[in-house]
Amino acid sequence: MVVCLGMEGSANKIGIGIMKNNVVLANPRKTYVTPPGEGFQPSQTARHHQSHVVDLVQTALEEAKLSPEDVDMIAYTKGPGMGAPLVSVAIVARTLSQLWKVPIVGVNHCIGRNMAKVLQAQVKILLI
């Protein structure tokens, strides 16, 4: 029974998910909202993610009723996306991986989205 903590922060939303055997145990998120008429600036979006990521990890662990010792691996969005937010989340993922002594895997955002749909539908696929 593998427990994976996943971290996504490729755009204006940051989310921390915890899965165990394809079951979502937690998925707290925070969304960066700009004033009307303004677009997302990478540096501002990264600061938003930095200010929420630790609390989101703690919230996810609490919702899942797990501790860091229960986590078997960490996955994070490696790209594509906005550079500064991606780097912010990657640094936290790497830090937690080292602190908790668990493997880390970078996930392509596009492939991750498609695989999430497959898991939700519980469809068996063959990868070539």
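Hydrogens, waters and symmetry mates play no part in the numbers below; they use all other heavy atoms, side chains included. What you are looking at is a predicted structure, and each value in this text was computed from that prediction instead of being measured.
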Ile104 reachable from Leu96 in the ILVMFWY side-chain graph, under 4.5 Å edges: yes
Donor-acceptor contact present, side-chain Glu8 to main-chain Ser10, <3.5 Å: yes
Sub-4.5 Å side-chain heavy-atom contact between Leu66 and Ile18: yes
Non-hydrogen side-chain atoms of Lys30 and Lys13 separated by less than 4.5 Å: no
Minimal non-hydrogen separation, Asp72 against Pro103, with atom names: O-CD, 3.2 Å
For Ala75, all residues meeting side-chain contact (heavy atoms from CB on, under 4.5 Å), sequence neighbours excluded: Cys4, Val105, Val107
Side chain proximity check, Glu63 to Thr59, heavy atoms < 4.5 angstrom: yes
Of all pairs that satisfy side-chain hydrogen bond (donor to acceptor under 3.5 Å, both in side chains), the ones with a partner from residues 89-100, not counting sequence neighbours: Tyr76-Arg94
Leu56 versus Ile14, closest heavy-atom pair with distance: CD1-CG2, 3.6 Å
Closest non-hydrogen atom pair, Ala26 against Ala60: CB-O, 3.3 Å
Within-4.5 Å side-chain heavy-atom neighbours: Val57 and Met7: yes
Donor-acceptor pair, side chain of Asn12 and main chain of Tyr32, under 3.5 angstrom: yes
Minimum heavy-atom distance Ser88-Gln50, with the two atoms named: OG-NE2, 2.9 Å
Worked verdict on Asn108 versus Lys78 for side chain to side chain contact (heavy atoms under 4.5 Å, CB included): CA-CA 6 Å; Asn108 179 288; Lys78 191 172 182 177; over 6 Å; no
Test item: Pro68 and Leu61 side chains (from C-beta on) under 4.5 Å apart, heavy atoms: yes
Any donor-acceptor pair under 3.5 Å from His49 side chain to Leu86 backbone: no
Inter-residue atom distance Met19.CE - Asn21.CG, 0.5 Å rounding: 9.0 Å
Main-chain N/O of His52 paired with Asp55 side-chain donor or acceptor, under 3.5 Å: no
Contact summary for Gly9 and Pro85, nearest pair of heavy atoms: O-CB, 3.2 Å
hydrophobic_cluster_shared for Val54 and Val89, side chain cutoff 4.5 Å: yes
Linked, directly or transitively: Leu5 and Leu99 (ILVMFWY side chains, under 4.5 Å): yes
Candidate pair Asn27 and Ile16, rule side chain to side chain contact (heavy atoms under 4.5 Å, CB included), full reasoning: CA-CA 6 Å; Asn27 191 21; Ile16 306 297; over 6 Å; no
Leu25 reachable from Val102 in the ILVMFWY side-chain graph, under 4.5 Å edges: yes
Val2 and Lys20, any side-chain heavy atoms less than 4.5 Å apart: no
Distance-only polar pair, side chains of Ser67 and Glu69, donor-acceptor under 3.5 Å: yes
